[in-house]
Amino acid sequence: MEIIIVSIVAFLVSILTFFSGFGLGTILTPVLMIFFPVEIAIALTGIVHFFNNVFKLFLVGKNANKSVLVRFGIPAVIAAFLGAWVLLRIPDVKPLFIYTLFGNTFEVYPVKFVISILLIIFASMDLVPFFSKLKFGEEKLPLGGFLSGFFGGLSGNQGALRTAFLIKAGLSKEAFIGTAVVVSTFVDFTRLSVYATNVSQSGIGDNIQLVVCATVSAIAGAFLGNKLLKKVTLKFLQVVVAIMLILISVALGAGFL
């Protein structure tokens, strides 16, 4: 049953990632947490995310902006290594707070709570007319790369922060998505390399079938998303990103994801 559920989620969310630049890792991780411990869920998601990105790399990688890639990507990779290293050493981190709603108990963890606050700030900037005209200068890109890479390695939630910075970098929709895919691929490779040092506890070997099915489903979703991308405008892309950032940030901050 978990294979079917995870594969369907991977397919649907992978379509959305071509419009938003994020989503697969953010949503797939909590779904896997239903069936596996946190550190195993993050590792399994990382594998699906990586191979899905490799596929997208062949589709849109050529559109990446090289200047943004260097300024944003290098700090992201370095920070991803650091974040993944921290993850392996704090597997039993305690929730920031716990609450009950409609008979269900939700746990809010420090990392996700911090990410949610940052995302709400960035998303609001896209919806307020004054801020929507602003662009992040190249001097802000290393900071964005470091933040997205670190939280990517630590929790698997790298895409939303990456998108929040890149969507303001003055890129075309093709360059925005191409750059995001290249950075995401290198970050995934980095954090998976670190996770592999703890492979005995990763749970990967025991769940090969699930990983393969989810990966194939995600690739199918990416293929369809690439076809649909040609029909949207940059403005539509920005609005979709802003709305998804707010929804994801609220869900993370409330402990739903």
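From a predicted model like this one, the values you see are computed outputs, not experimental measurements.
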Looking only at non-hydrogen atoms, find the nearest pair between [X] and [Y] and report the distance.
{"X": "N63", "Y": "E174", "answer": "CB-O, 3.4 Å"}
{"X": "L166", "Y": "L141", "answer": "CD2-CD2, 4.5 Å"}
{"X": "K56", "Y": "A222", "answer": "CG-CB, 3.7 Å"}
{"X": "T179", "Y": "A64", "answer": "OG1-CA, 3.5 Å"}
{"X": "A10", "Y": "A214", "answer": "CB-O, 3.6 Å"}
{"X": "F55", "Y": "F223", "answer": "CE2-N, 3.9 Å"}

Steps toward side chain to side chain contact (heavy atoms under 4.5 Å, CB included) verdict (T215, N52): CA-CA 6 Å; T215 300; N52 183 51; 5.8 Å; no
Any residue meeting side-chain contact (heavy atoms from CB on, under 4.5 Å) with [X], in chain and number order, not counting sequence neighbours:
{"X": "T100", "result": "T105"}
{"X": "I8", "result": "I4, L12"}
{"X": "A80", "result": "V187, T190"}
{"X": "S7", "result": "I3, C213, S217"}

query: How far apart are the C-alpha atoms of V6 and V48, what are their side-chain angles, what is the distance that settles it, and do they pass the side chain to side chain contact (heavy atoms under 4.5 Å, CB included) test?
result: CA-CA 11 Å; V6 171; V48 176; over 6 Å; no
Got a second to check how far [X]'s [atom1] is from [Y]'s [atom2], nearest 0.5 Å?
{"X": "I177", "Y": "L59", "atom1": "CD1", "atom2": "CG", "value": "11.0 Å"}
{"X": "D188", "Y": "N53", "atom1": "CG", "atom2": "CG", "value": "5.0 Å"}
{"X": "I15", "Y": "K227", "atom1": "CD1", "atom2": "NZ", "value": "13.5 Å"}
{"X": "N65", "Y": "R71", "atom1": "CG", "atom2": "CZ", "value": "10.5 Å"}
{"X": "L57", "Y": "K62", "atom1": "CG", "atom2": "NZ", "value": "10.5 Å"}

- prompt: Does the side chain to side chain contact (heavy atoms under 4.5 Å, CB included) test come out yes or no for R162 and F72, once each step is laid out?
  reply: CA-CA 9 Å; R162 180 184 62 242; F72 191 92; 3.4 Å; yes
Just checking [X]: does its [atom1] atom have more than 12 heavy atoms from other residues, nucleotides or ligands closer to it than 6.0 angstrom?
{"X": "F51", "atom1": "CZ", "value": "no"}
{"X": "F11", "atom1": "CZ", "value": "yes"}
{"X": "F186", "atom1": "CZ", "value": "no"}

- prompt: Rest of the hydrophobic cluster containing I74 (Ile/Leu/Val/Met/Phe/Trp/Tyr, side-chain heavy atoms under 4.5 Å)?
  reply: V70, I78
- prompt: Going through the checks in order, is the side chain to side chain contact (heavy atoms under 4.5 Å, CB included) test met by T185 and V181?
  reply: CA-CA 6 Å; T185 303; V181 166; 4.2 Å; yes
